Amino acid sequence: MAQSAFDKQLEESVEAALQVAGRFLSGREMDGITRTDATFLKAGTWPLDGVKGRIPRSSYWPGWRRAGGRILSLGALAGGGLSYWQDPEQTLQSLEVGGAGLGGLLVIGGGIQALRSRGMREHTREWVQPLHEALAHPLGIPPAARPESYLHIPKNFNDDDAQIKIDLPVALRFDEAKVAEMIVKKLALQGVSFSWKYDGRKPYVTVKKVNRPPTKVIFADQKVRDLVTKAPESAPLIGLERGDRVVSVDLDAESPHVLVSAGTGGGKSVILRTIASQLIHNGAHGYILDFKRVSHNWARGVPNVKYCRDIADIHDALVTLGAEGQRRIHAAEQLPDDADPSRVGPRCVILLEEINATMKQLNRYWEKIKEKGDPKISPAVDALAEILFMGRAVRMHVLLVAQSATARALGGPEMRENFATRILARYTQNAWRMLVPEVQPAPKSTRHIGRSQVVLGGVAHETQVMFMTDAEARAWAMSGAKRTAPVVTLHKVETPERSQGHRVTALPTHLGKQGGDGTDNLHKTDISEDRAESCDTAAAQPVPPPHTGAEPPAETVSAPRGNEAGERQELVAAQAQGEEQPAERGAAGGLVTLRQAHEELFPHLTVAALRRARANDPEFPEHTDKRANSMLYRRDLLVKWERNRPSAISPHATETGADEEDD
C-alpha cells in the first residue's frame with residue numbers, strides 16, 4: 001500500500017524533531033553545522049576548513065557545557081510553567097519579586113565583570129588580535145578563528161619571567177622563521193628564545209626572555225659604583241640593559257635635555273636623582289624646581305644646589321636662569337674655537353618636577369602679579385623655552401618630569417622636540433605613540449620596579465635604572481667637586497624702565513673681563529631680579545659687593561612685592577653708594593633677630609623652633625651681622641626659608657633650655 005503524503009510529512013516532522021532533540025541534549029550546534037574541532041568533552045581550538053563568517057564563542061565550548069546550559073534552561077522553564085498551572089497568582093508574585101532581584105544581581109554582576117575584564121579587552125585589542133591577523137596567513141589559520149583559543153599571551157608578557165605559548169596547527173604547514181619573525185615584530189620583543197614542540201596532537205611554541213636586563217642595579221654594588229666612577233663627566237650612568245651593557249646619555253654630544261615620562265609609581269624622581277647626583281658630583285650646579293616640595297630631600301644642604309619649592313621662587317629661578325643662558329650665549333661668541341667650553345660657566349642641571357602642574361601654577365602666578373602692558377605669556381615659561389632651545393653650547397641641561405608630556409603641557413610641540421633623550425616607564429600605548437612615534441611597535445610596559453625604556457636616537461633600550469638611596473645620592477653629590485661661587489648672584493633693584501613690555505634683565509658690563517685675582521669672570525654674573533635670592537641655597541649667600549666707579553649695577557624691571565621690595569631697594573642703593581649699614585638700621589629695615597622674626601614674621605613658630613631649625617636645617621640662612629650677643633638675619637632670606645621649607649616645624653614647640661645668645 002502506497003504511503004500517503006500526510007504520512008510522509010508526519011514522518012519527516014518526527015525525524016526533524018528527534019534530530020533537534022538530539023542536538024539539544026548532546027550539546028551540538030542547533031543548525032547541525034560543525035564549525036570548530038570541539039568535542040563533547042574538550043573545548044575547541046581551530047575552526048574547521050571551509051567555515052566562513054563570524055564564529056560565535058559558544059562554538060568553541062565543549063558539548064557538555066552547551067548541553068548543561070540548555071537542560072538547566074529547559075528545566076527552569078518547565079518548573080515555572082508547572083507552578084503557574086497550579087497557582088498562577090502566587091507564581092506571578094514570586095516572578096515579580098524574584099525577577100527584580102535577579103535583574104539587579106545581573107546588572108551589578110555584569111558591571112563588575114565589565115570592569116574586571118576591561119584590561120583584558122584592551123590587551124586583546126592592542127596585542128592579541130593584531131598578532132592573530134599577522135599569523136593567520138603564515139600558519140594557515142582561517143581568519144575567522146578566535147584569537148584567544150590558540151594565542152596564550154599573558155597581560156604581563158613583557159616581564160622577565162613571563163611565558164608566551166602559541167598553539168600550532170597539527171599539519172605543520174608553515175615557515176618557522178617567518179612565524180618567529182612575526183611574533184617578535186608584533187609583540188615588540190627583545191632578547192627572547194623559541195621552544196618548538198611538534199610531536200603529538202597538540203604542537204605548540206613557547207617564547208621566553210633569555211637575554212634580559214639585570215633584575216636590579218643598585219649603587220651599593222661595588223661593580224656598579226665602579227661604572228659610575230668611570231662614567232664621563234658629561235655622560236652619567238642611567239642603568240644597565242641586556243648583557244649588562246651601560247646605558248647613558250652624553251649631554252654634550254647627544255642630547256642636552258632629558259624628558260622623563262612615567263605613570264604613578266614609575267620612579268620618575270629616582271631617575272632624576274640618579275642623573276643629577278652624578279652631575280653635581282662632577283661639579284655641576286643644581287637647580288631643583290619642585291612644586292611637590294619633597295621629591296628630592298636628598299639634595300637638602302648639598303653644596304652648589306638651590307632648591308625652589310614655592311611657585312614664586314620657581315618663577316624667579318626660571319627667569320634668572322633664562323638670563324644666565326643669554327649671558328652664556330654672548331660669552332660663548334667671544335671664545336675662540338679651541339677654547340674650553342667650561343669657560344662659559346660651570347655645568348647647570350635643572351630638575352623640573354611635575355611639569356603638568358608646575359606650568360599651570362606658573363601661568364596662574366603670572367596672571368596674579370602681571371601689570372598693565374606686561375606680556376600675556378609668563379616670562380618664566382618663555383625663559384624655559386629659551387633654555388631648551390639654547391642647546392648644549394651653554395652647558396645648561398633640563399631634566400624634566402611629566403606624567404603626561406603633551407605638547408600643551410610643555411608649551412608647544414616645538415618645546416617637546418628639544419628632548420632627544422626620552423625615558424618612559426609604566427607608560428600607556430597612547431603615551432608611547434605621542435612621545436616616541438618613530439619606534440614601532442611600542443614595547444609592552446612592565447610593572448617590574450626600576451624598569452624603563454630609554455630611547456636614544458630612535459632606538460629603545462630596555463633598561464634597569466640604577467637605584468641610589470637618598471643617603472647615597474647625597475653622599476655621592478657632596479663627595480665630588482668642592483663648593484664654587486654661585487653661577488648667578490641675585491640682587492633686587494626696582495627701576496621704572498621697560499623694554500617692549502617685558503621685564504628686562506640688563507647684563508653687567510664686566511662680563512668677560514679679568515677679575516682682580518686674575519680669574520676669568522665669564523661665569524660670575526650679577527643679575528637683578530624681582531626678589532633677592534629667588535631660591536634656597538645650601539651655602540650662605542653674602543650681601544653683594546657694592547658697584548663702584550662708572551660700572552652700573554644690573555637692573556631688572558619688576559613689580560614690587562609689598563615692603564620687601566622697598567627694603568631691599570634701599571639696602572642695595574646704600575651699598576651702591578658705599579655706605580655702612582649700622583646694626584640698628586639693619587634691624588629696623590632688613591635685619592632681625594630670631595625673637596623679632598617670631599614676633600613680626602612667624603607668630604606660628606616659637607623662638608625655640610627657630611633655634612632648632614638654625615641648628616638642624618641645612619637650608620636655614622646664615623646670620624649676616626651681629627648686635628651685641630644677638631645674631632642678625634636678613635628678613636627676606638628668613639621669609640624665603642619659611643616659604644620653601646619642606647615640612648612645617650611644630651607650632652606647639654615650647655621654649656626650653658638656655659641659648660648661647662640673647663635673641
Side-chain angles (χ1 to χ4, degrees), residues 213-241 244-251 258 260 262 265-290 292-309 346-354 397 399-401 421 423 425-426 448-452 454 463-484 536-539 616-619 645-647:
T215 304
K216 58 182 180 179
V217 178
I218 57 176
F219 182 72
D221 188 341
Q222 187 59 46
K223 294 181 179 179
V224 177
R225 187 185 292 265
D226 291 342
L227 292 176
V228 173
T229 304
K230 296 176 183 177
E233 179 268 337
S234 62
L237 174 70
I238 298 176
L240 301 178
E241 62 171 336
D244 289 345
R245 292 195 295 269
V246 170
V247 177
S248 63
V249 53
D250 194 322
L251 300 176
V258 178
V260 180
K268 301 182 291 291
S269 297
V270 172
I271 297 173
L272 263 63
R273 180 171 67 209
T274 297
I275 299 175
S277 61
Q278 296 178 69
L279 293 173
I280 296 170
H281 171 86
N282 290 321
H285 286 232
Y287 296 83
I288 301 178
L289 313 182
D290 179 20
K292 292 169 62 177
R293 305 183 70 86
V294 293
S295 299
H296 299 280
N297 283 334
W298 64 271
R300 297 191 65 204
V302 174
N304 304 331
V305 174
K306 294 184 179 181
Y307 204 131
C308 304
R309 299 177 179 90
R347 190 182 303 278
C348 292
V349 55
I350 305 166
L351 276 64
L352 188 53
E353 277 279 356
E354 295 300 345
H397 313 288
L399 308 183
L400 185 143
V401 170
T421 299
I423 304 176
R426 295 194 180 180
H448 187 97
I449 297 176
R451 189 63 53 84
S452 301
V454 181
T463 304
Q464 184 66 30
V465 175
M466 181 180 66
F467 177 76
M468 305 175 76
T469 64
D470 283 353
E472 289 171 342
R474 175 183 173 85
W476 186 252
M478 297 182 69
S479 66
K482 296 182 180 179
R483 185 196 314 251
T484 60
D536 294 344
T537 179
N616 302 321
D617 190 345
E619 295 175 0
R645 62 197 178 113
S647 59

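The model shown is predicted, which means the values in this text are computed figures rather than measured ones.
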### Message
I need the minimum non-hydrogen distance between P346 and G283, along with the two atoms involved.
### Response
CB-O, 4.2 Å

### Task
For H397, enumerate each residue passing the side-chain hydrogen bond (donor to acceptor under 3.5 Å, both in side chains) test, keeping only those at least two apart in sequence or located in another chain.
R347

### Message
Could you work out, with salt bridge (Lys or Arg N to Asp or Glu O under 4.0 Å) as the rule, every residue matching E472, not counting sequence neighbours?
### Response
none

### Task
Give the minimum heavy-atom separation between L240 and P213, together with the two atoms involved.
O-CB, 3.9 Å

### Task
Determine the minimum heavy-atom distance between P618 and G301, stating which atoms define it.
CB-CA, 3.6 Å

### Query
Atom CD1 of I288 and atom CZ of R309: how far apart are they, to the nearest 0.5 Å?
8.5 Å

### Task
Scan for salt bridge (Lys or Arg N to Asp or Glu O under 4.0 Å) pairs involving residues 276-287, sequence neighbours excluded, and state none if there are none.
none

#### Entry: Identified side-chain contact (heavy atoms from CB on, under 4.5 Å) counterpart of P214 within the set V224, D244, D221
D244

### Query
Between the side chain of Q464 and the main-chain N/O of I449, is any donor-acceptor distance below 3.5 Å?
yes

### Task
Give the intermediate values and the outcome of side chain to side chain contact (heavy atoms under 4.5 Å, CB included) for residues V247 and V465.
CA-CA 9 Å; V247 177; V465 175; over 6 Å; no

#### Entry: side-chain hydrogen bond (donor to acceptor under 3.5 Å, both in side chains) involving Q278 - partner list, sequence neighbours excluded
none

#### Entry: Non-neighbouring partners of D226 that pass side-chain hydrogen bond (donor to acceptor under 3.5 Å, both in side chains), sequence neighbours left out
Q222

### Message
Please give me the minimum heavy-atom distance between Y307 and A299, naming the atom from each residue.
### Response
CD1-CB, 4.4 Å

### Query
Do you know which two heavy atoms are closest between N304 and A284, and how far apart they sit?
CB-O, 4.1 Å

### Task
Would you check if T421 and L251 make a side-chain contact, meaning some heavy-atom pair closer than 4.5 Å?
no

### Summary
Sorted by chain and number, sequence neighbours left out, ring pair (Phe, Tyr, Trp, His ring centres under 6.0 Å) with F219 holds for W476

#### Entry: Which residues share a side-chain contact (heavy atoms from CB on, under 4.5 Å) with S295, sequence neighbours left out
S269, D290, K292, E353

#### Entry: Value rounded to 0.5 Å, distance of NZ in K216 from NE2 in H448
9.5 Å

### For D250, all residues meeting side-chain hydrogen bond (donor to acceptor under 3.5 Å, both in side chains), sequence neighbours excluded
S234

### Query
Do I238 and T274 have side chains that get closer than 4.5 Å, going by heavy atoms?
no

#### Entry: For L279 against E233, the heavy-atom pair lying closest together
CD2-O, 3.7 Å

### Task
Apply salt bridge (Lys or Arg N to Asp or Glu O under 4.0 Å) to D470 and list each qualifying residue two or more places apart in sequence or on a separate chain.
R273

